[in-house]
Amino acid sequence: MALIDMFLSRAVKRGQLTLHRPGKAPATFGTPDPAFGHITIRFADSGVAGRIIRNPALAAGEMYMDGRLTVDDDDIMGLVKLMTGNSPWERGQNALQPSAFVRGLGAVKHRLDRINMERRSKQNVAHHYDLSARLYDLFLDADKQYSCAYYTDPDTSLEQAQSDKLAHIAAKLALRPGMRVLDIGCGWGGMALYLNRHFGVEVLGVTLSEEQLKIARERAAAAGVSDKVKFELIDYRRVEGRFDRIISVGMFEHVGPPQYKTYFRKCRDLLTDDGVALVHTIGRFGPPSVTDDWTTKYIFPGGYNPALSETIAAFEGLSMFLTDVEVLRLHYAYTLHEWYARTLKARDAIVALYDERFYRMWTFYLAGAAMAFENGGLCNFQIQFSRSRTELPIVRDYMFEGERALRGR
C-alpha cells in the first residue's frame, strides 16, 4: 500500500474521500456519513503524494494553489471539513501534522520569526493588509470589519453580527463623553468611528497599514469628525500620551510572544490611573504552540495566536487588575463561513484583480481558518484589564445593559 493510501486510511474514518491519480485506479477511504459527505480529489502528477506525506499542513495548500491537487466542484471547504472533522482538537490527535523532525525545525524557525521588531512588524502587516482595498470590499461587510463578528444567533446576518460585535466590545469599556481612546490596530477605522458616534469620545487609531490608514482617514473626513477621530501610521511602541481607554481588536495576533511583555507594559504606561483596556484576539484552547507553515508563509508572516496562559503570564507583574475574560468559541467559524461564501460569489472579480492561484490561496485560507474554529483548537479571547481597582462596576451587569442599549439604537 502506498504511503498516501496509508495516510488517508488513517485520516478518513467518517465520510468518504475518493482519490484519483495518474496510473492508478481510484481509491475510496472512509465510510458513508451524511454529516461528512463524499469528497473527490485528483492529483495531477505523481509528485503530489510525496509532497503531502512529508508535510501535509504545508503541501496540501501549496498543491491546491498550484492546481496540482483539485477538488471536484471546487469544494475546498468540504475537503478541509472532512479532514479536520475526523481529527477534532478535543480528541488530541491530528493526522495532518508534519513529522516530528519537521515540527522541531518549524518550532525553532517559528520563535525566530515572531521576534517582530518594528521594521519586520510593518513588513508583515503590509504583506496582508496592504492588498487591494477592492479585495476586502468583495467579502467583508460594508463597515469593513475584518475580525470575528459576534453572533447572538448563528442565523444572524454578517452585517448585524459585526454591528453587534462593536456594541459588545464598546459596552465593556464603560465609556463616558470626553474620554480619550486609543485604538491599537485600527483597521479601516470602523471601531473608532463607532465609539465617537455613540459616546462622543476622542479616538486615536494607529496602524502599520498604509492602505488602511488612507481609507480610515477618508471615512473620518466624510463623517466630519477628523478633529475628533484621528488616524496615524505608527507602531504601538511609539505612541505617546495618556488615554482613558485602550481597545485592540485583531491586532495582538501580530505582536509575537517575545513582545508580549513590551505590549502590556506599553498599555499600562499609556493608560490614565483609572484607565481600562480591552484586547480582542484569536487564541488557542490548549498550551502554547506554533503557527502552521502554510499560514505563516502565505497569509500572516509573523502571526501567532496565543494561549491564554502565555498572555496572562506576560501581563503579570505589571500592577494591573485583570477585570474580565470572555471566550468566544464558534463566533469566528460563523464569520469565516460567510466570508468564504462571499468570496465564492466574487470569484471572477478576484481572479480579474489577481489571478487563479491567488483565488485558490484565499479560499484555502478561509476554509482552513473556519475549520480551525469549528473543529480545531482556536477561539477568541476578550481580555479586559485596568490600572484601577474601582473604575469598573463590581458586577458584569453594566456590560449587558450597555450592549442592549447600543443594539437598540
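None of these values were measured; they are calculated from a predicted model.
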**Q** Ignoring hydrogens and geometry, is there a side-chain-to-backbone donor-acceptor pair from K13 to S9 under 3.5 Å?
**A**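 Checked: pair present.
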**Q** Roughly how far apart are L158 CG and S163 OG, rounded to 0.5 Å?
**A**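 If we round to the nearest 0.5 Å, L158:CG and S163:OG are 11.0 Å apart.
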**Q** Give a yes or no on whether the backbone of N375 and the side-chain of T84 come within a donor-acceptor separation of less than 3.5 Å.
**A**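 It does not hold such a pair.
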**Q** Is the backbone N or O of R268 less than 3.5 Å from a side-chain atom of R387, with the two atoms forming a donor-acceptor pair by type?
**A**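 Yes: the side chain of R387 pairs with the backbone of R268.
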**Q** Examine the side chains of D292 and T295 and answer whether a donor and an acceptor come within less than 3.5 Å of each other.
**A**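 Result is yes, a qualifying pair exists.
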**Q** Are E326 and K172 close enough for a salt bridge, meaning some N to O gap below 4.0 Å?
**A**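 Salt bridge between E326 and K172, a charged N being under 4.0 Å from a carboxylate O: yes.
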**Q** Determine whether the aromatic ring centres of residues F385 and F321 are separated by less than 6.0 angstrom.
**A**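 No.
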**Q** Under a 4.0 Å threshold between the charged nitrogen and the carboxylate oxygen, would E159 count as salt-bridged to R342?
**A**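 Here R342 pairs with E159 in a salt bridge, since their nearest N and O are under 4.0 Å apart.
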**Q** I'd like to know whether the aromatic ring centres of F252 and Y263 sit less than 6.0 Å apart in this structure.
**A**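 Ring centroids of F252 and Y263 are less than 6.0 Å from each other.
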**Q** Can you tell if the side chain of P288 reaches within under 4.5 Å of the side chain of P257, non-hydrogen atoms only?
**A**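 The answer is no, as the side chains (C-beta and beyond) never meet within the 4.5 Å cut-off.
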**Q** Please check: side-chain N/O of T207 versus main-chain N/O of G187, any donor-acceptor pairing under 3.5 Å?
**A**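 Side chain of T207 to backbone of G187: no pair is present.
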**Q** Do the side chains of L195 and M191 get nearer than 4.5 Å, heavy atoms only?
**A**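 A side-chain contact under 4.5 Å exists here.
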**Q** Taking only Lys NZ, Arg NE, NH1 and NH2, and the carboxylate oxygens of Asp or Glu, determine whether D137 and K144 approach each other closer than 4.0 Å.
**A**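 Between K144 and D137 there is a salt bridge, with a charged N closer than 4.0 Å to a carboxylate O.
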**Q** Are the side chain of N86 and the backbone of R14 linked by a donor-acceptor contact shorter than 3.5 Å?
**A**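 Yes; at least one donor-acceptor contact below 3.5 Å.
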**Q** Do D324 and M399 have side-chain heavy atoms sitting under 4.5 Å apart?
**A**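 D324 reaches M399 side chain to side chain.
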**Q** Going by distance alone, is a donor N or O of one side chain under 3.5 Å from an acceptor N or O of the other, for Y298 and E62?
**A**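 A donor-acceptor contact under 3.5 Å links the two side chains.
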**Q** Would you tell me whether T28 and T18 have side-chain atoms, one donor and one acceptor, within less than 3.5 Å of each other?
**A**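 Yes.
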**Q** For W294 and Y365, I'd like to know if the aromatic rings sit close, meaning centre-to-centre distance below 6.0 Å.
**A**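 For W294 and Y365, the ring centres are not under 6.0 Å apart.
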**Q** Answer yes or no for R217 and F231: cation-pi contact, defined as NZ/CZ to six-membered ring centre under 6.0 Å and angle to ring axis within 45°.
**A**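 No, a cation-pi geometry is absent between R217 and F231.
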**Q** Flag the pair N305 / T281 as yes when at least one side-chain heavy-atom distance between them is below 4.5 Å, and no otherwise.
**A**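 A side-chain contact under 4.5 Å is absent here.
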**Q** Taking Y64's backbone N and O only, do any of them form a donor-acceptor pair with R360's side chain (distance below 3.5 Å, no angle check)?
**A**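 Pair found, side chain donor or acceptor close to backbone of Y64.
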**Q** With a 4.0 Å cut-off, would you call D355 and R357 a salt bridge?
**A**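 Result for this pair is no, no salt bridge flagged.
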**Q** At their closest point, which heavy atom of V239 faces which heavy atom of L270, and how far apart are they?
**A**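 Shortest heavy-atom contact: O-CD2, 3.6 Å.
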**Q** Where the side chain of E391 meets the backbone of S388, is there a donor-acceptor pair that is under 3.5 Å apart?
**A**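 Not confirmed, E391 side chain does not pair with S388 backbone.
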**Q** Just so I know, are the side chains of V71 and T40 near enough to count as touching, which here means a heavy-atom distance under 4.5 Å?
**A**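 No, side chains not in contact.
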**Q** Between Y340 and I76, is there a side-chain heavy-atom distance shorter than 4.5 Å?
**A**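 I76 reaches Y340 side chain to side chain.
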**Q** Kindly give the heavy-atom pair with the smallest separation between E211 and L131, and that separation in Å.
**A**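 Heavy-atom minimum between the residues: CG-O, 4.3 Å.
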**Q** Does a side-chain N-to-carboxylate-O contact under 4.0 Å join D143 and R219?
**A**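 Salt bridge flag = yes for R219 with D143.
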**Q** In sequence, state the C-alpha distance, the side-chain angles, and the governing distance for H280 and F381, and then conclude on ring pair (Phe, Tyr, Trp, His ring centres under 6.0 Å).
**A** CA-CA 6 Å; H280 170 112; F381 299 132; over 10 Å; no
**Q** Which heavy atom of L3 sits nearest a heavy atom of I53, and at what distance?
**A**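 Closest heavy-atom pair between L3 and I53: O-CD1, 3.6 Å.
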**Q** I'd like to check L17 versus L8 (side-chain heavy atoms, cut-off strictly below 4.5 Å). Are they in contact?
**A**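 Yes, at least one pair of side-chain atoms sits under 4.5 Å.
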**Q** Taking all non-hydrogen atoms of both residues into account, name the closest pair between G15 and D33 and its distance.
**A**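 Closest approach of G15 to D33, heavy atoms only: N-CB, 3.4 Å.
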**Q** Working to the nearest 0.5 angstrom, can you tell me the gap between L271 CG and M320 CE?
**A**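 Answer for the CG-CE pair, L271 versus M320, is 7.0 Å.
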**Q** For a quick check under 3.5 Å, do E374 and Y334 share a side-chain donor-acceptor pair by atom type?
**A**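 Note: E374 and Y334 side chains miss the donor-acceptor criterion.
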**Q** Assess whether atom NZ of K230 is packed by more than 12 heavy atoms of other residues, nucleotides or ligands within 6.0 Å.
**A**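 Count not over threshold, so no.
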**Q** When you look at CZ of R329, are more than 12 heavy atoms from neighbouring residues, nucleotides or ligands closer to it than 6.0 Å?
**A**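 Open: at most 12 neighbouring heavy atoms sit under 6.0 Å from CZ of R329.
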**Q** Counting C-beta onward and ignoring hydrogens, is there a side-chain heavy-atom pair between I246 and V181 closer than 4.5 Å?
**A**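 SC-SC contact between I246 and V181 ruled out.
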**Q** What I want to find out is whether K214 reaches E218 closely enough, with some N-O distance under 4.0 Å, to be called a salt bridge.
**A**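 Between E218 and K214 there is no salt bridge, as every charged N stays at least 4.0 Å from the carboxylate O atoms.
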**Q** Quick check: closest heavy atoms across P306 and I282, and the distance to 0.1 Å?
**A**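 Heavy atoms of P306 and I282 come nearest at CD-O, 3.1 Å.
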**Q** Flag the pair H128 / Y146 as yes when their ring centroid distance falls below 6.0 Å, and as no otherwise.
**A**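 When the ring centroids of H128 and Y146 are compared, they turn out to be within the sub-6.0 Å range.
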**Q** Any chance the rings of Y354 and W362 have centres within less than 6.0 Å?
**A**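 Here the rings of W362 and Y354 have centres that are no less than 6.0 Å from each other.
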**Q** Within the side chain of E202, is there an N or O that forms a donor-acceptor pair under 3.5 Å with the backbone of V229?
**A**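 Side chain of E202 to backbone of V229: no pair is present.
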**Q** Which pair of heavy atoms, one from Y359 and one from T343, lies closest together, and at what distance?
**A**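 Of all heavy-atom pairs spanning Y359 and T343, the closest is CE1-O, 3.7 Å.
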**Q** Got a salt bridge between E356 and R347, using NZ or NE/NH1/NH2 to carboxylate O under 4.0 Å?
**A**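 Salt bridge flag = yes for R347 with E356.
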**Q** Taking H331's backbone N and O only, do any of them form a donor-acceptor pair with T335's side chain (distance below 3.5 Å, no angle check)?
**A**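 Side chain of T335 to backbone of H331, a donor-acceptor pair under 3.5 Å: yes, one is there.
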**Q** Check for a donor-acceptor pair, side chain of R245 on one end and backbone N or O of A174 on the other, with a separation under 3.5 Å.
**A**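 Yes.
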